Amino acid sequence: MDLKLYDTLTREKQPFVPLDPSRVRMYVCGPTVYDFAHIGNARPVIVFDVLFRLLRHLYGADKVTYVRNITDVDDKINARAAERGTSIRDLTEETYRNFKEDVSALGCLPPTVEPRATEHIDEMKTLIERLVASGNAYVADEHVLFSVPSMKNYGELSKRPLDEMIAGARVDVAPYKRDPMDFVLWKPSNRGDPSWKSPSDIRTPGRPGWHIECSAMSWKHLGETFDIHGGGIDLVFPHHENEIAQSCCAFHTDRMASTWMHNGFLQVEGEKMSKSLGNFVTIREVLADWPGDVARLAMLSSHYRQPINWTLKGLEEAEKALASFFDAASGGADPTPAPAVLEALADDLNTPKAIAEMHSLKNAVGRKALAGTLGFFGFRRAELAAWRERHAPQPALPAADIESRIAARNAARKDKNFAESDRIRDELAAMGIVLKDSKDGTTWEVAR
RNA sequence: GGCCACGUGGCGGAGUGGUGACGCAGCGGACUGCAAAUCCGCGUACCCCGGUUCAAUUCCGGGCGUGGCCUCCA
């Protein structure tokens, strides 16, 4: 099985060849923990969970290291904690707990490591001092800045030629920057904000810039170079571009990660999700109405690089599809997913194709493979069943009354009094109760 | 304004230089006393305009539309 992945850096689908097949390494940018994660945040979490599962299948579960960081030092966190009057630690811990619950409900495996930024300050400072020593960074006005002109390939990931970026810059450039493109590695802390002893002989305590944490944590947990770096497409510039600059200059390497993967953006009911439009949807809100697996399937029904439109109709369709999969897959399960599904996933994670293959397994010969596939994806039969039970509409009549009417109807049918039997059925139908005749008798359910 | 994506049937959504995936909805048939459920079958879709080609939805150029990014906001 040859895995091919699209690499943002080369803009090409390429065969995936791990640097070390006995230790496949993936880093994905995780949440900034200051508030409930929204459904757009859920996309990379789900997408890279599927990739994690695929890699574990291909290389062995104990051969894959998946690192997803937790950003727990950030201006938004400081502001939110102050606003709520809680400590930063309490806020980030609570938000992180909520995040873990959310993504677990979405059927995602925990990553191998979930490092926190605040626990890697030493590594960040080491990187910063290396960059200063190598002339890729400089100290100015108690800041440490990365010198963008010191890196010749800067802009390669986002395909932004430097001169155009400078020409397009709209924001006032801080006076201490040597070059308008330079970005912060370390900055002084405001009073009351978290602070650490600064690197590079800066006297004032400070805190790290945004980008350095990922260079530090990927280095600590995966090494100087690794296989896959993932995240949302909005992170390509400047975040990932700057990570590359920091890591490649600190370690004198050409590539930070062999493959850069980015998921497309998410819209809600055809509109940009924003608080001002009032269509801001948290994972928590979705989970209040739907099983996590339905949200998961809905998310995977678009290819990860395509834009996705998050809609109620999409969730309804996903619920039907998932129910039909579980209906068809009753009985034993194969230990592995169906080959056709694996093949689809191996082609740059073509989940819509994989789902189409699952539909074609909904027959007698495919059901064991389908069950194995559902297990591979992490879909949970019991969860959907419990949700269906909970959300089953209540009949307008007591069950005993329905049963007695069914008995009356069947008596009429036996007498070939079809006018009467149809009358009873229509009467029940008008109350939303649908009858199903089979050779084993008549059953009923409430129309959804 | 600059850069980067995306634009497929009623809806969702793959894919491909030449026999039009898949799902939902719809239609027809089987089954049924009639239905429901189930099963079987059915769709001359590829934003617009040029170009390349024997042949383009697929490649190239332009246009229009939508979205993302454009430095310490993530």
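So you know, we letter chains A, B, ... as the sequences are listed, proteins then strands, and number each from 1. Being a predicted model, the structure only gives us computed values, none of them experimental.
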Counting side-chain heavy atoms from C-beta on, which of [options] comes nearest to [X]?
X	options	value
A/His303	B/A14, B/G68, B/U71	B/A14
A/Lys177	B/C72, B/G15, B/C70	B/C72
A/Glu317	B/A14, B/G23, B/G68	B/G23
A/Phe418	B/G33, B/U71, B/G67	B/G33
A/Asp75	B/C34, B/A36, B/C72	B/C72
A/Lys320	B/C72, B/C4, B/C24	B/C24
A/Pro180	B/A36, B/G13, B/U71	B/U71
A/Lys353	B/G33, B/G68, B/A14	B/A14
A/Gln267	B/G67, B/C34, B/C70	B/G67

In whole Å, what separates the [atom1] atom of [N] from that of [M]?
N	M	atom1	answer
B/C39	B/C59	C1'	43 Å
B/G15	B/A56	C1'	14 Å
B/G65	B/A14	C1'	23 Å
B/C64	B/A25	P	39 Å
B/C4	B/C60	P	14 Å
B/G23	B/C34	C1'	30 Å
B/C46	B/G13	C1'	13 Å
B/C31	B/G18	P	41 Å

| said: Can you list, in residue-number order, the parts of residues 422-430 of chain A that come under 4.0 Å of RNA chain B, counting heavy atoms only? | reply: A/Asp422, A/Arg425

| remark: Within residues 187-212 of chain A, those residues having any heavy atom closer than 4.0 Å to RNA chain B are A/Lys187, A/Trp210

| Partners meeting ring pair (Phe, Tyr, Trp, His ring centres under 6.0 Å) with A/Phe36 (sequence neighbours left out) | none

| Derivation of the salt bridge (Lys or Arg N to Asp or Glu O under 4.0 Å) call for A/Arg409 and A/Glu420 | CA-CA 7 Å; A/Arg409 169 171 172 270; A/Glu420 173 63 7; over 6 Å; no

| said: Given 3.5 Å as the limit, does a donor-acceptor pair link the side chain of A/Arg207 with the main chain of A/Trp196, or not? | reply: no

Judged by modelled atom types alone, do [X] and [Y] share a side-chain donor-acceptor pair under 3.5 Å?
X	Y	result
A/Thr442	A/Asp437	yes
A/Asn136	A/Ser150	yes
A/Gln14	A/Tyr6	no
A/Tyr66	A/Asp49	no
A/Trp186	A/Ser198	yes
A/Asp72	A/Thr118	yes
A/His262	A/Thr8	yes
A/Asp401	A/Ser404	no
A/Trp444	A/Glu403	yes

Set out, line by line, the N/O atom pairs under 3.5 Å between protein and nucleotides 5-7 of chain B.
none

| query | With a 4.0 Å cut-off on heavy atoms, is A/Tyr176 in touch with a base, just the backbone sugar-phosphate, or nothing at all? | reply | base

| task | Under 4.0 Å between any heavy atoms, over every strand shown, what does A/Ser421 touch: base, sugar-phosphate, or nothing? Just pick one. | result | base

| field | Aromatic contact, A/Trp260 with A/His240 (centres under 6.0 Å) | value | yes

Nucleotides 60-64 of chain B: which of its N/O atoms have a protein N/O under 3.5 Å away?
none

In whole angstroms, how far is the [atom2] atom of [N] from the [atom1] atom of [X]?
X	N	atom1	atom2	value
A/Tyr304	B/G13	OH	P	17 Å
A/Leu157	B/C69	CG	P	15 Å
A/Leu235	B/C70	CG	P	10 Å
A/Leu322	B/C22	CG	P	21 Å

| Residues which pass side-chain hydrogen bond (donor to acceptor under 3.5 Å, both in side chains) with A/Arg84, listed by chain and number, not counting sequence neighbours | none

| note | On RNA chain B, more 5' by nearest nucleotide between A/Gly30 and A/Glu357 is A/Glu357

| said: Quick check on RNA chain B: between A/Lys13 and A/Asp74, whose nearest nucleotide comes earlier from the 5' end? | reply: A/Lys13

| query | OP1, OP2 of B/C4 versus side-chain N and O of A/Ser158: anything below 4.0 Å? | reply | no

| Within less than 4.0 Å of OP1 or OP2 of B/U71, is there a side-chain N or O belonging to A/Asn242? | no

| task | Run the numbers on A/Lys362 and A/Ser324 for side chain to side chain donor-acceptor pair (under 3.5 Å), then give the verdict. | result | CA-CA 8 Å; A/Lys362 291 192 297 186; A/Ser324 78; 3.2 Å; yes

| RNA chain B base-pair string [pairs: Watson-Crick or G-U under 3.5 Å; |: paired with another strand] | (((((((..(((.....[...))).(((((.......)))))....(((((..]....))))))))))))....

| task | Check each of A/Lys353, A/Arg305, A/Lys4 against A/Asp348 using the salt bridge (charged side-chain N to carboxylate O under 4.0 Å, His left out) test, and report the only one that passes. | result | A/Arg305

Tabulate protein N/O versus nucleotide N/O from nucleotides 57-59 of chain B, keeping only pairs under 3.5 Å, one per line.
none

| request: Only pairs at least two apart or in different chains count here, so list each salt bridge (Lys or Arg N to Asp or Glu O under 4.0 Å) that has a residue in residues 256-269 of chain A. | output: none

| query | ring pair (Phe, Tyr, Trp, His ring centres under 6.0 Å): which pairs involve residues 342-368 of chain A, sequence neighbours left out? | reply | A/Phe325-A/His359

| Set of side chain to side chain contact (heavy atoms under 4.5 Å, CB included) partners for A/Pro238, sequence neighbours left out | A/His211, A/Asn242

| field | Parallel, tilted or perpendicular: ring planes of A/His38 versus A/Phe280, cut at 30 and 60 degrees | value | perpendicular

| Partners of A/Glu271 by salt bridge (Lys or Arg N to Asp or Glu O under 4.0 Å), sequence neighbours excluded? | none

